[in-house]
2 protein chains.
Amino acid sequence: MTTTATVPSLTRDAERLNDALGELLRVVQFRDRDRACCYDVSVSQCYALKSVVEAEGLSVNDLAAALFLDKSTASRIANSLVDKRYVARTRDPEDGRVVQLVATPAGAAMSARIEADTTGEYAELLEGFGPEVRTALIELVGWLGRRFAAGVEVSGGSCCVVK
Amino acid sequence: MTTTATVPSLTRDAERLNDALGELLRVVQFRDRDRACCYDVSVSQCYALKSVVEAEGLSVNDLAAALFLDKSTASRIANSLVDKRYVARTRDPEDGRVVQLVATPAGAAMSARIEADTTGEYAELLEGFGPEVRTALIELVGWLGRRFAAGVEVSGGSCCVVK
DNA sequence: ACATATTGTTGCGTATGACAACTACCGCCA
DNA sequence: TGGCGGTAGTTGTCATACGCAACAATATGT
């Protein structure tokens, strides 16, 4: 901001990052939509199932936070997974309000199958790179996600209502 | 594949990239949903408007291809933008079948406003880095998108139906 | 014990997107 | 030149996805 010479370059880079991320977003969404037909779960169900498998005993609120969704949406996704017998709903004995979501064996198996297939694709993608480039790529993508998440949290989830 | 020692590392990297990309995807989707309320357009309308502004005279099929959507969906999004007077539909004089989508002044202005706001955020994000790191980040994200797009094209948009 | 806060569920409206059927138009070719 | 297959777009229909608001059930603090 202080030096005028770097500003155009920074702005240009920002535009290009925006474009590249938008493209990546769309193609990944498309891929996910497309691949969902291969399995017994929809895209959002797939992500939710993965969250439940990874953090056994997740509450509905936790699930909503993990997926950046409203708790009502999370509740319904959990419901759909329970209907498919991939997840079981139990009550927390400590706190009668909270629900604990646990993956059933079938759910864990399905998640593992999807995970293995996906990981295989990513492995192909990364094959051509050395370990240090792969690590750098992962770090950068992870950093981007965390930065966005931080930005989202400060705004409280309401960009323009909250000043 | 030949050396057993590198395989676990590659698989591990693939998993981590999957996780990081999933997280990034979700948070960006959330941010987009959240920010859509600031403007007069929905998320998909925003992307479509941007495409139309950048490639004046886009056909509906082109729009669908650019956004990785079905042509019917693209047609309806175009319709909604026409309803809002952000885009005009004209017929190609060369080929009576194709529609040419052109942004109206209001559409271009809205797109520019959104673009400026978004770019500002990205600029903040990139501020801390030197130009070479910024370029590397952009290249990597762009490369990822292209690789996914290539993978999507070979499968023809039907992952498991086509063998 | 009661007011208040928190967890989760449900009603409702909207957005998003695919598939299939249909119309309109193009170009080819007999 | 008149039909025929192919292509561009539109529309009907359906399913999923998501948020907000209202609500019930439970927990907690005074």
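Just so it is clear: chains get the letters A, B, ... in the order the sequence lines come, proteins before strands, and each one is counted from 1.
- B:Asp92 places its CG atom 19 Å from the P atom of C:dA24, with the value rounded to the nearest Å.
- Spacing between atom CG of A:Asp34 and atom P of C:dC19 amounts to 9 Å, rounded to whole angstrom units.
- Residues A:Glu94 and A:Asp70 each lie close to DNA chain D; by heavy-atom proximity, the contact nearer the 5' end of the strand is made by A:Asp70.
- B:Ser42 has no side-chain polar atom (N or O) that falls below the 4.0 Å cut-off from OP1 or OP2 of C:dA15.
- Side-chain contact between B:Asp117 and B:Tyr39 is present, with heavy atoms from C-beta onward closer than 4.5 Å.
- Of the candidate nucleotides D:dA17, D:dA8, C:dG17, D:dA8 has the atom nearest to the side chain of B:Arg97.
- Ring-centre distance between B:Tyr47 and B:Phe68: not below the 6.0 Å cut-off.
- With D:dT26, D:dT11, D:dA8 as the choices, the nucleotide that has an atom nearest any side-chain atom of B:Asn79 turns out to be D:dT11.
- Whole-Å rounding puts the A:Arg35 CZ to C:dG17 C1' distance at 18 Å.
- Each of D:dC18, C:dT9, D:dT26 was ranked by its minimum atom distance to the side chain of A:Asp95; first place goes to D:dT26.
- Taking atom CG of A:Leu67 as the reference point, atom P of C:dG8 lies 14 Å away to the nearest angstrom.
- Residues A:Arg26 and B:Leu69 are not in side-chain contact: their nearest non-hydrogen atoms beyond the backbone lie 4.5 Å or more apart.
- Put simply, B:Ser44 has a side-chain N or O that comes within less than 4.0 Å of OP1 or OP2 on C:dT16.
- Among the nucleotides C:dA18, D:dA27, D:dG9, the one closest to the side chain of B:Ser59 is D:dG9.
- For A:Leu69, whose side chain is taken as the heavy atoms from C-beta onward, the closest listed nucleotide among C:dG8, D:dA25, D:dG19 is D:dG19.
- Side-chain nitrogen and oxygen atoms of B:Ser75 include none within less than 4.0 Å of the OP1 or OP2 phosphate oxygen of D:dG9.
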Exercise for the section: Carefully, step by step, assess B:Leu140 and A:Leu140 under the rule side-chain contact (heavy atoms from CB on, under 4.5 Å). Expected result: CA-CA 9 Å; B:Leu140 272 177; A:Leu140 273 177; 3.8 Å; yes

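- At the phosphate of C:dG8, OP1 or OP2 sits under 4.0 Å from a side-chain N or O atom of A:Asn61.
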Handout entry: Audit row: B:Thr119, A:Glu15, side-chain hydrogen bond (donor to acceptor under 3.5 Å, both in side chains) steps and yes/no
Key = CA-CA 6 Å; B:Thr119 301; A:Glu15 274 172 30; 4.8 Å; no

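- In this model, the phosphate group of C:dT9 is approached by a side-chain N or O of A:Arg89 to a distance below 4.0 Å at OP1 or OP2.
- In this structure, the CZ atom of B:Arg26 is 15 Å from the C1' atom of D:dC18, given to the nearest Å.
- When rounded to the nearest whole Å, the span between CZ of A:Arg91 and C1' of D:dT26 equals 9 Å.
- Separating the OH atom of A:Tyr47 from the P atom of D:dT16 is a distance of 18 Å, rounded to the nearest angstrom.
- For A:Ile77 and C:dG8, the CD1 to P distance is 14 Å, given to the nearest whole Å.
- Of the candidate nucleotides D:dC20, D:dT10, D:dA27, D:dC20 has the atom nearest to the side chain of A:Ser72.
- Among the protein residues, B:Arg76 comes within range of the nucleic acid bases, having at least one heavy atom under 4.0 Å from a base atom.
- Taking for each of B:Gly96 and A:Gln100 the nucleotide of DNA chain C with the nearest heavy atom, the 5'-most of the two is the partner of A:Gln100.
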Handout entry: Test side-chain contact (heavy atoms from CB on, under 4.5 Å) applied to B:Val141 and B:Leu137, step by step
Key = CA-CA 6 Å; B:Val141 173; B:Leu137 174 58; 4.1 Å; yes

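- When each of A:Val99 and A:Arg33 is assigned the nucleotide of DNA chain C with its nearest heavy atom, A:Val99 is the one assigned upstream, toward the 5' end.
- Taking only side-chain nitrogens and oxygens, B:Thr73 comes nearer than 4.0 Å to OP1 or OP2 of C:dA18.
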